[in-house]
2 protein chains.
Amino acid sequence: MRILVIEDETKVGCFIKRALEEESYAVDLCEDGAKGLQMALNTNYDLLIVDLMLPSLPGLEILKGVRQARIQTPILILTAQSQVDQRVKGLDAGADDYLTKPFAIDELLARIRALLRRGSTESPGVLQIDDLALNPATRDVTRGGQRIDLTSKEYALLEYLMRHTGRVLTRPMISEHVWNQDFDTFTNVIDVYVNYLRNKIDRGRSKKLIHTIRGSGYMLKVD
Amino acid sequence: MRILVIEDETKVGCFIKRALEEESYAVDLCEDGAKGLQMALNTNYDLLIVDLMLPSLPGLEILKGVRQARIQTPILILTAQSQVDQRVKGLDAGADDYLTKPFAIDELLARIRALLRRGSTESPGVLQIDDLALNPATRDVTRGGQRIDLTSKEYALLEYLMRHTGRVLTRPMISEHVWNQDFDTFTNVIDVYVNYLRNKIDRGRSKKLIHTIRGSGYMLKVD
DNA sequence: GTCTTCAATGACTAGAATACGCATAGTTGG
DNA sequence: CCAACTATGCGTATTCTAGTCATTGAAGAC
């Protein structure tokens, strides 16, 4: 899950970025409104977090810009306590949820999970395929009832695969959703991580869930 | 489907090339504008992707050159965030769509599918002939409801045949759209791949779909 | 008209070359 | 120390080459 944070206060921005990264999200941080709008338009983010109080471009304009471009990505807006009217305008302009500053980070994370859940066609709290289950809220992964420990990147990759079960995912697609903009194309990190996942999830099981589509990419499915 | 990418930034170019090849497109990459224009004029591409910021020859000149030669090939232009006016000029000069850098690869692929679909007379999401179906979005192929596994080249060949059902396709036509510029004319690779396809699609069926037109080439049709 | 012959064309196969992905070990940085 | 990433050698599926075999259709013989 890749998230764009548009927030001009460096300190707050970094704090959010860090918190999200600890939750295994791939995060891009942008401190400038106009640039942020461009990024939102150009990259296929899974969620946008927008501070409504921005210097260069009012946050509302970002919302409008994104929605005008027919982009459905869920948007969470951040406002100051006082800006009640702003908040209303924000929701009118297409925001999906809001949070007033200062906020508790747990609160933010919970809202994010809710929005990401709502985004998918169905709304299962837990992602499940065969006997493999992943709970985005707790980041618990189990197979056949047995807990599986994953590192942050492993988890992020698995979540992306599970959210797109049955579809071929090419490497560029994966790198775009599981890594952030610093990703280096000329490496085999993705292959390596798929291998890590295989060791933890498929190794020793008769039913393999992770499949290679030679020349194209990878796919998660029951055979 | 064969695509020419004119992009001077090696890294970006390679990234795009790889993404397209993983989607089974035949891709030529050119880092020089003038040379790229020549290639576009000499080869019957199905799509051109042109970066408007090129060192030797401005991207706009390429557009104009191509359109002056009455070539209808759909063109997708890439621009930097700031070049709004360039973008407008590009569309005026005959581009069919644009994308600003950096862009999401999913987005690029979706646009490409849309442009290639628009090119054909009808616009079906799924290509179908008799009980053979091919879905360009998922690259799934089925006959009589049964899934058929194809390699990348096999798929590319079949897609080309299906997009031109009922028409005789000569070997040069096939090589021009299914292979890239490294294709060696003096081989029988095409025959070999037609044979591979026959084994997977027609073998054991009463209705044959792939037909040989002796002295000319091949044709896909219901008898 | 039809039978035979023959050259041209395509079908098919085996195996070589290549590219791709896997595994594993090594490196870096917090 | 561990997670994230890099680098490399190896096995194998895919792609291609090259050769043999089958089919087609036209020309000539009868």
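Surrounding OH of B:Y98 are at most 12 heavy atoms belonging to other residues, nucleotides or ligands under 6.0 Å away. Sparse packing is recorded around CZ of A:F15, with 12 or fewer heavy atoms of other residues, nucleotides or ligands lying under 6.0 Å away.
Protein atom CG of A:D191 is 11 Å distant from nucleotide atom P of C:dA23, rounded to whole Å. Remark: P of D:dC5 and CZ of A:F183 are 8 Å apart, rounded to the nearest angstrom. We find that CD1 of B:I190 is positioned 16 Å from P of C:dC12, with the value rounded to whole Å. In this structure, CH2 of A:W179 is placed 10 Å from P of D:dT6, rounded to the nearest angstrom.
A donor and an acceptor atom sit less than 3.5 Å apart, one in the side chain of A:Y196 and one in the base of D:dC5. Taking 3.5 Å as the limit, the base of D:dT14 and the side chain of A:R214 contain no donor-acceptor pair of atoms between them.
Between B:R2 and B:D46, none of the side-chain N atoms (NZ, or NE/NH1/NH2) sits under 4.0 Å from a carboxylate O, so this pair counts as no salt bridge. Here A:K101 pairs with A:D51 in a salt bridge; the nearest charged N to carboxylate O distance falls below 4.0 Å. Electrostatic pairing of B:D191 and B:R171 counts as a salt bridge here, judged by a charged N lying under 4.0 Å from a carboxylate O. Ion pairing between A:R139 and A:E23 holds under the 4.0 Å rule for side-chain N and carboxylate O.
Side-chain proximity of B:T151 to C:dG21, D:dT14, D:dT17: nearest is D:dT14.
Residue B:N195 is in base contact, counting any heavy-atom pair closer than 4.0 Å across all strands shown.
In this structure, B:Y196 and B:Y193 have perpendicular ring planes: the angle between them is above 60°, well past the 30° mark.
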Sub-3.5 Å pairs of nitrogen or oxygen atoms, protein against nucleotides 18-20 of chain D:
unit_1: D:dA18; atom_1: N6; unit_2: B:N188; atom_2: ND2; d: 3.2
unit_1: D:dG19; atom_1: O6; unit_2: B:N188; atom_2: ND2; d: 3.2

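For the contact set between residues 197-213 of chain A and DNA chain C, defined by any heavy atom under 4.0 Å, the members are A:R198, A:T212.
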